[in-house]
Amino acid sequence: MKKPSLETREDQKREERVAGFLEGAWGVTCHKLPVQYALDYWIESKEKCFWCEVKVRTFAFDKYDTLILSVSKLRKGASYARSTGVPFITVFAMTDGLYYHQWDPNHVYDVMMNLSVNPEYDDDNEPYAHIPKHMIECISDQPLGMDRNEIGLC
């Protein structure tokens with residue numbers, strides 16, 4: 001069975017919260033991309049632009065050795081970055097802060113299959129790229145203050 005879109009209105013609100021923070025912190029405008037782009041935002045200012053995927057996590061930055069991103073998202077972002085010359089970033093909103101990774105075309109990402117214990121859909125299992133911590137930058141060492149409902153803990 002094909003997996004339906006899992007992005008809920010609550011997911012969109014969390015992403016918008018991250019985008020709003022980036023607009024204030026970086027002096028940029030975040031434009032929500034149409035679904036066919038398979039990425040969340042086009043970010044721009046006079047000085048810089050980014051293709052951006054936002055991931056909201058329900059744990060702290062130091063819980064795992066790496067952060068993961070589906071290879072499908074990495075491939076899309078890398079493709080846009082290569083074809084336009086505009087960097088692709090993934091922003092991770094964690095319970096202890098906000099972080100980002102800029103795709104590096106010279107880095108060989110460690111890719112492993114992520115196997116769901118109880119897959120509900122055919123594509124619940126997919127390859128993920130593992131991003132080493134030394135390739136992740138801190139945007140803010142304070143969480144965005146999303147409540148338990150907003151970060152999916154209830």
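By convention here, the first residue in the shown sequence is residue 1.
- Distance check, rounded to the nearest 0.5 Å: CD1 of I136 to CE of M94 gives 8.0 Å.
- Atoms CG and CG, on L98 and D141 in that order, are 10.5 Å from each other to the nearest 0.5 Å.
- Contacts of H107 classified as ring-ring contact (aromatic ring centres under 6.0 Å, His included), with partners at least two apart in sequence or in another chain: Y109.
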Step by step, would you call L74 with W103 a side chain to side chain contact (heavy atoms under 4.5 Å, CB included)?
-> CA-CA 8 Å; L74 185 69; W103 172 71; 3.6 Å; yes
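- Formation of a donor-acceptor pair under 3.5 Å by the H101 side chain with backbone atoms of T90 is not found in this model.
- The two residues A38 and K73 come nearest to each other via the heavy atoms O-NZ, 2.7 Å.
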Side chain to side chain contact (heavy atoms under 4.5 Å, CB included) evaluation trace for F88 with R82 = CA-CA 9 Å; F88 165 57; R82 278 201 173 104; over 6 Å; no
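- Here the shortest heavy-atom pairing between C52 and I43 reads CB-CD1, 3.6 Å.
- Looking at every heavy atom in both residues, V18 comes nearest to A93 through CG2-CB, 3.7 Å.
- Of all heavy-atom pairs spanning T66 and H130, the tightest one is OG1-ND1, 2.9 Å.
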Identify all side-chain donor-acceptor contacts of residues 19-30 below 3.5 Å with residues at least two apart in sequence or on another chain.
{"unit_1": "E23", "atom_1": "OE2", "unit_2": "C30", "atom_2": "N", "d": "2.8"}

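- Interatomic distance, L67 CG to K133 NZ, rounded to the nearest 0.5 Å: 5.5 Å.
- Checking side-chain atoms of D40 against main-chain N and O of V54 turns up a donor-acceptor pair under 3.5 Å.
- Here the CG atom belonging to D110 is positioned 11.5 Å from the CG atom belonging to D65, to the nearest 0.5 angstrom.
- The main-chain N or O of A60 is found under 3.5 Å from a side-chain atom of T95 such that the two form a donor-acceptor pair.
- Centroid-to-centroid, the aromatic rings of Y100 and F50 stay 6.0 Å apart or farther.
- The two residues M113 and P127 make their nearest non-hydrogen contact at SD-N, 3.6 Å.
- Paired with Y128 under the rule side chain to side chain contact (heavy atoms under 4.5 Å, CB included), one option of V71, N114, V111 passes, and it is N114.
- Note that CZ of R57 is 13.5 Å distant from CG of D96, once rounded to the nearest 0.5 Å.
- Residues F61 and M135 fall within the same hydrophobic cluster, defined by Ile, Leu, Val, Met, Phe, Trp and Tyr side chains chained together at heavy-atom separations under 4.5 Å.
- Closest approach of D104 to N106, counting heavy atoms only: OD1-N, 2.8 Å.
- Y37 OH to W42 CH2: the interatomic distance, rounded to the nearest 0.5 Å, is 9.5 Å.
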Please lay out, stage by stage, how Y41 and V91 fare under the test side chain to side chain contact (heavy atoms under 4.5 Å, CB included).
-> CA-CA 10 Å; Y41 289 96; V91 175; over 6 Å; no
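- Linking Ile, Leu, Val, Met, Phe, Trp and Tyr whenever their side-chain heavy atoms come within less than 4.5 Å leaves I68 and Y99 in two separate clusters.
- A distance below 6.0 Å separates the ring centres of F59 and Y64.
- K32 has a carboxylate O that lies under 4.0 Å from a charged side-chain N of E15, or vice versa, which qualifies the two as a salt bridge.
- Residues F92 and L144 do not share a hydrophobic cluster, clusters being chains of Ile/Leu/Val/Met/Phe/Trp/Tyr side chains in contact below 4.5 Å.
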